[in-house]
K.L.:
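Pasting a structure here, questions to come.
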Number of protein chains: 2
Amino acid sequence: MAMQTPAPSTERKRGSGAKTVYELLRNDILDLVLPPGSPIDEVQLAEHFKMSRTPIREALVRLAGEGLIDTLPNRSTMVSNIDFLNLHTFFDALVLMYRVTTKLAAQYHRPADLLEIKARQSEFATAVANQDALAMIAANAALHSAIADAGRNPYFVAVFNRILDDGRRILRLYYQSYGDRLPQQFVDEHEEIIAAIAARDADLADRLARIHAEQIVEQIQRLFARKDRFDISL
Amino acid sequence: MAMQTPAPSTERKRGSGAKTVYELLRNDILDLVLPPGSPIDEVQLAEHFKMSRTPIREALVRLAGEGLIDTLPNRSTMVSNIDFLNLHTFFDALVLMYRVTTKLAAQYHRPADLLEIKARQSEFATAVANQDALAMIAANAALHSAIADAGRNPYFVAVFNRILDDGRRILRLYYQSYGDRLPQQFVDEHEEIIAAIAARDADLADRLARIHAEQIVEQIQRLFARKDRFDISL
DNA sequence: GGGCAGTTTCTTGTCGACAAGAAAAATACA
DNA sequence: TGTATTTTTCTTGTCGACAAGAAACTGCCC
């Protein structure tokens, strides 16, 4: 188990243990530092973070609740797999939630939401300019998550964040194998979407979100088609 | 804290502790045996279930992950509130997910799914006939959850189950105050929907689900309007 | 009588240890 | 040598105890 994040030295505040472990592990999973199938060892984590197994366990229970790790009773725990055989369910959910959350954002956003959204878009543009795939993937998820927040529907926010999490893993899986150009096109599309939200044009936001989502789906499908041809091992 | 479910006497199997506590607590919350705001005391639960605080804690972490309880750090834990001020977000999500899951069920269901769905519908009809509100509410959620399962999209299944959970609490809140007739109409609408699924008519399933969902929304809104007039205290 | 500081109490967060299940390893046997 | 069985090991699930934070309470001073 390759761990990226050595937890700091000094004593932690009470109550922060499980939270920090949760967040660090979560990021390592989503960035594929811990790829699917990686074994998760409680005692190893406890030693690594210099705390007892109890807060580790709490973090793992939470991650299991989000479907990011799988726990075999009385046996082992490991990072959950990505279900490539049913990618279409992922695409269906992605397109629908892109549309719904963007439309709701156009209807219900407040001024502060727009600032947040634009900040995320700015980070996304910077990552694309720097050809930093990891940062771009995370910024993309953060941007759309911010749009969903502006829509103010907690149910949609919750699903969408799960979808975006899986999207982070899937995109990372591709971009770490192929050093493609990062798509400037998405930056422009984001700008259009944000403009539609700011104009409170719900129908336009819906249409743009749909086009944007379907293009992302199409790109992922092309990528995986290529992967199938050239890289069977994955 | 009124507890409905005294956990049995004999020694439990290893690994079942947290699971049983989770399920029993969950049902008590959804049936409003533990209404919103009820304090959750770990030691009390530990005594009640005759186990240590550790498995109790795991169950609570899971429930918190589903948003059914709220934990104030270093302080208390209580059953989460129902957000009546933003019921429209609940309605939006309910209608959309009714439609999507029913449509997908029409497309992707397998023979075994139909048996499961019909079994739930049968339980629902029985509950309506018996004027058993609690059983009807649970059966309704189970029926639609089964339909969602047949649609085979784990993202939609997950949100929808959360929506249905909240729906159980909201409906229970109403039906426990007003001893209304239970609606035979919903039994018939369910039958139509099931027929459309069986016929693999996705468009019809979508239309029927939408009508069904909107009628449920309308009824809940009427109920709460009455409640506002007659029963301010809630 | 009211506000404030110190103390008590109460709940949660963390810890180290032990026990149960299951896999892996070692042993016995054909 | 291959297979069944026992033993060992390894990981998880559970436990009881302790410590930290926060609220509630107490007594004090004005």
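In what follows, every chain begins at residue 1, and chains take the letters A, B, ... in the order their sequences are listed. Quick caveat, the model's predicted, so the values are computed rather than measured. Excluded from the calculations below are hydrogen atoms, water molecules and symmetry mates; all remaining heavy atoms, backbone and side chain alike, are included.
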K.L.:
With DNA chain C as reference, determine whether Arg75(A) or Ser16(A) sits nearer its 5' end, using the nearest nucleotide of each.
P.N.:
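The answer here is Ser16(A).
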K.L.:
Please say which of Arg26(A), Arg168(A), Arg169(A), Arg172(A) ends up in a salt bridge (Lys or Arg N to Asp or Glu O under 4.0 Å) with Asp31(A).
P.N.:
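Result for salt bridge (Lys or Arg N to Asp or Glu O under 4.0 Å) with Asp31(A): Arg168(A).
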K.L.:
With heavy atoms of chain B within less than 4.0 Å as the criterion, where does contact along DNA chain D begin and end?
P.N.:
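First and last nucleotides in contact are dT12(D) to dA23(D).
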K.L.:
Could you list the residues that satisfy side-chain hydrogen bond (donor to acceptor under 3.5 Å, both in side chains) with Arg152(B), not counting sequence neighbours?
P.N.:
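Arg152(B): side-chain hydrogen bond (donor to acceptor under 3.5 Å, both in side chains) contacts with Asp113(B).
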K.L.:
Stepwise, does the ring-ring contact (aromatic ring centres under 6.0 Å, His included) test hold for Phe124(B) with His144(B)?
P.N.:
CA-CA 11 Å; Phe124(B) 180 77; His144(B) 285 286; 8.2 Å; no
K.L.:
Does the side chain of Asp70(A) come under 3.5 Å of the side chain of Ser80(A) through a donor N or O and an acceptor N or O?
P.N.:
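The answer is no; no qualifying pair exists.
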K.L.:
Check each residue of residues 58-69 of chain A for a non-hydrogen atom within less than 4.0 Å of any atom in DNA chain C, then write out the ones that pass by number, or none.
P.N.:
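Going residue by residue through residues 58-69 of chain A, none turns out to have a heavy atom under 4.0 Å of DNA chain C.
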K.L.:
Could you work out, with ring-ring contact (aromatic ring centres under 6.0 Å, His included) as the rule, every residue matching Phe160(B), not counting sequence neighbours?
P.N.:
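ring-ring contact (aromatic ring centres under 6.0 Å, His included) check on Phe160(B) returns Tyr98(B).
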K.L.:
Could you work out, with side-chain hydrogen bond (donor to acceptor under 3.5 Å, both in side chains) as the rule, every residue matching Arg75(A), not counting sequence neighbours?
P.N.:
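Arg75(A) satisfies side-chain hydrogen bond (donor to acceptor under 3.5 Å, both in side chains) with no other residue.
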K.L.:
Which residues pass the side-chain hydrogen bond (donor to acceptor under 3.5 Å, both in side chains) test with Asp149(A), not counting sequence neighbours?
P.N.:
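Partners of Asp149(A) by the side-chain hydrogen bond (donor to acceptor under 3.5 Å, both in side chains) criterion come out as none, since no residue qualifies.
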K.L.:
Regarding Asp92(A) and Tyr155(B), do their side chains bring together a donor and an acceptor under 3.5 Å, going by distance alone?
P.N.:
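Their side chains do not contain a donor-acceptor pair, so the 3.5 Å distance test is not met.
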K.L.:
By nearest heavy atom, map Ser76(B) and Thr54(B) onto DNA chain C; which one lands nearer the 5' end?
P.N.:
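The answer here is Ser76(B).
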